[in-house]
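One structure is given below, encoded as structure tokens.
No experiment lies behind these values; they were computed from the predicted model shown. Note: hydrogens, waters and symmetry copies are ignored here, and every other heavy atom, side chains too, is used.
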Amino acid sequence: MTSARRKSYGVKGAPYAFLLPATILFALFFALPIGYAIWLSLHKVQVKGLGLGSGARSEVWAGLENYTDALTDSELLDGALRVLGYGAIVVPVMLGLALLFALMLDTERVRLAPFTRLAIFLPYAIPGVVAALLWGFLYLPDVSPFYFVLDKLGLPQPDLLDGGGLYAALSNIAVWGGTGFNMIVIYTSLQAIPAEVHEAAKLDGATPLQIAVRIKIPMVAPSLVLTFFFSIIATLQVFSEPTTLKPLTNSVSTTWSPLMKVYQDAFGKGDIHSAAAAAVIIALVTLVLSFGFLRVANSRTKQEEAR
């Protein structure tokens, strides 16, 4: 083989050499765990006799039995309904505030924009467990300064860790922590809008509100779709907030969300095969909803471009 051919092969193989580390990491920490979870979901533990002694427990093929049990499990279905109610509060409120803050920071008259941007984004840097603990103690009547002030003012003191108030308490933690990240994404898109567009709108007599509604929001629609997509995934995977608040109230069960149900089955009951089946179902539902939403968003974008 000549040196020219070796050089040609080296140039052609360079992209694959750069991709190799990422491919190995993807296979080890993403593809392999998913494959193992699917394998576990298709098996179950068979117990012979009293289950004592060697060979009394063996792993056998279960087929779709674990999936059937998971889909008919009332605790998993109830947890899914609770998460849907939780998401109906979190997603619109969080994205609405993120869009509002981004539009306000994008105005010309805003003061201390860097500090304000950092202050809104800062809660996102706090780990979810720490944020849930902080808010959890603020929700407790015995230690919360808010309840002390309400008591001194003679105002009613709602119990946010019980009943319907629990959804508001959990949603507040998610909104407080996630608004800053979404705001940065939308604000970055607003900064990318050419200044000529704003100037042309001003020359036509458009007010700042009209510019925001008719120009800025339509032009940052892709960022809104992206933030909505990420928010849906995060909502379906809610785990740390209710798990952290569980010791503070009896209103949060061990199966409050689908992921908490998976955790309870795997580490509470020791049934890792049923937990794997439920986890695969949650992953598939997340994938279908995300893919469906992206398809709808892309089709509407193409229709608007065609017009």
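- Arg117 contributes atom CZ, which lies 13.5 Å from atom CG of Leu122 (distance to the nearest 0.5 angstrom).
- Distance check, rounded to the nearest 0.5 Å: OG1 of Thr286 to CG of Leu236 gives 4.5 Å.
- There is no path of hydrophobic side-chain contacts, each under 4.5 Å, that joins Ile215 to Leu203.
- No donor-acceptor pair closer than 3.5 Å links the side chain of Thr249 to the backbone N or O of Val252.
- Between Phe181 and Phe230, the ring planes lie tilted relative to each other; the angle falls in the 30° to 60° range.
- Aromatic ring pairs are classed by plane angle as parallel below 30°, tilted from 30° to 60° and perpendicular above 60°; the pair Trp176 and Trp135 is perpendicular.
- Distance check: Asn172 CG to Leu160 CG gives 8.5 Å after rounding to the nearest 0.5 Å.
- The two atoms that bring Val238 and Ser257 nearest to each other are O-OG, 3.1 Å, heavy atoms only.
- Residues Ile186 and Val225 are members of separate hydrophobic clusters, defined by side-chain heavy-atom contacts under 4.5 angstrom among Ile, Leu, Val, Met, Phe, Trp and Tyr.
- Within 6.0 Å of the OH atom in Tyr167, the count of heavy atoms belonging to other residues, nucleotides or ligands exceeds 12.
- Rounding to the nearest 0.5 Å gives a distance of 7.0 Å between CG of Asp265 and CG of Asp73.
- One N or O on the side chain of Tyr147 and one on the backbone of Pro158 form a donor-acceptor pair closer than 3.5 Å.
- Between Ile34 and Phe30, some side-chain heavy-atom pair lies under the 4.5 Å cut-off.
- Ring geometry for Tyr124 against Phe121 counts as tilted: the plane angle lies between 30° and 60°, on a 0 to 90° scale.
- Connection of Val149 to Val143 is not established within any shared hydrophobic cluster, with ILVMFWY side chains joined at heavy-atom distances below 4.5 Å, either directly or through further cluster members.
- Minimum interatomic distance between Trp256 and Arg82 (heavy atoms only, all atoms of both residues): O-NE, 2.9 Å.
- Within the 4.5 Å cutoff, side-chain heavy atoms of Tyr139 are placed close to those of Ile173.
- Around the CG atom of Asn250, the shell of radius 6.0 Å holds no more than 12 heavy atoms that belong to other residues, nucleotides or ligands.
- Looking at heavy atoms from C-beta onward, Thr255 lies out of side-chain contact with Met260 at the 4.5 angstrom threshold.
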_Test side-chain contact (heavy atoms from CB on, under 4.5 Å) on Met94 and Thr227; report intermediate values, then the result._
CA-CA 10 Å; Met94 181 167 60; Thr227 53; over 6 Å; no
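- A pairwise comparison of heavy atoms in Pro222 and Met219 identifies CD-O, 3.9 Å as the closest pair.
- To the nearest 0.5 Å, atom CG of residue Leu153 and atom CZ of residue Phe148 are 10.0 Å apart.
- By the 4.5 Å heavy-atom criterion applied to side chains, Met104 and Thr116 are not counted as neighbours.
- When all heavy atoms of Val93 and Ile89 are compared, the pair lying nearest together is CG2-O, 3.1 Å.
- Hydrophobic clustering (side-chain heavy atoms under 4.5 Å, transitive across Ile, Leu, Val, Met, Phe, Trp, Tyr) groups Phe228 together with Val285.
- Under the side chain to side chain contact (heavy atoms under 4.5 Å, CB included) test applied with Ser223, the options Val185, Thr188, Leu99, Leu190 reduce to a single match, Val185.
- Here the side chain of Thr254 pairs no donor or acceptor atom with the backbone of Gln264 at under 3.5 angstrom.
- Judged by distance alone, the side chains of Tyr67 and Ser41 do bring a donor and an acceptor atom under 3.5 Å apart.
- Counting only distance, with no hydrogens or angles, the side chain of Ser290 and the backbone of Leu287 share no donor-acceptor pair below 3.5 Å.
- For Ala70 against Ile281, the heavy-atom pair with the smallest separation is CB-CD1, 3.7 Å.
- To the nearest 0.5 Å, the span separating CG on Leu95 from CG on Asn182 amounts to 5.5 Å.
- Residue Leu81 is not grouped with residue Ile232 when hydrophobic side chains (ILVMFWY) are merged at heavy-atom distances under 4.5 angstrom, including chains of intermediate members.
- A heavy-atom distance below 4.5 Å is found between the side chains of Leu170 and Pro242.
- Of all heavy-atom pairs between His273 and His43, the closest is CB-O, 3.2 Å.
- Using a 4.5 Å heavy-atom threshold, the side chains of Ile217 and Leu103 count as touching.
- Under the 3.5 Å distance criterion, the side-chain polar atoms of Ser240 are left unmatched by any main-chain donor or acceptor of Val129.
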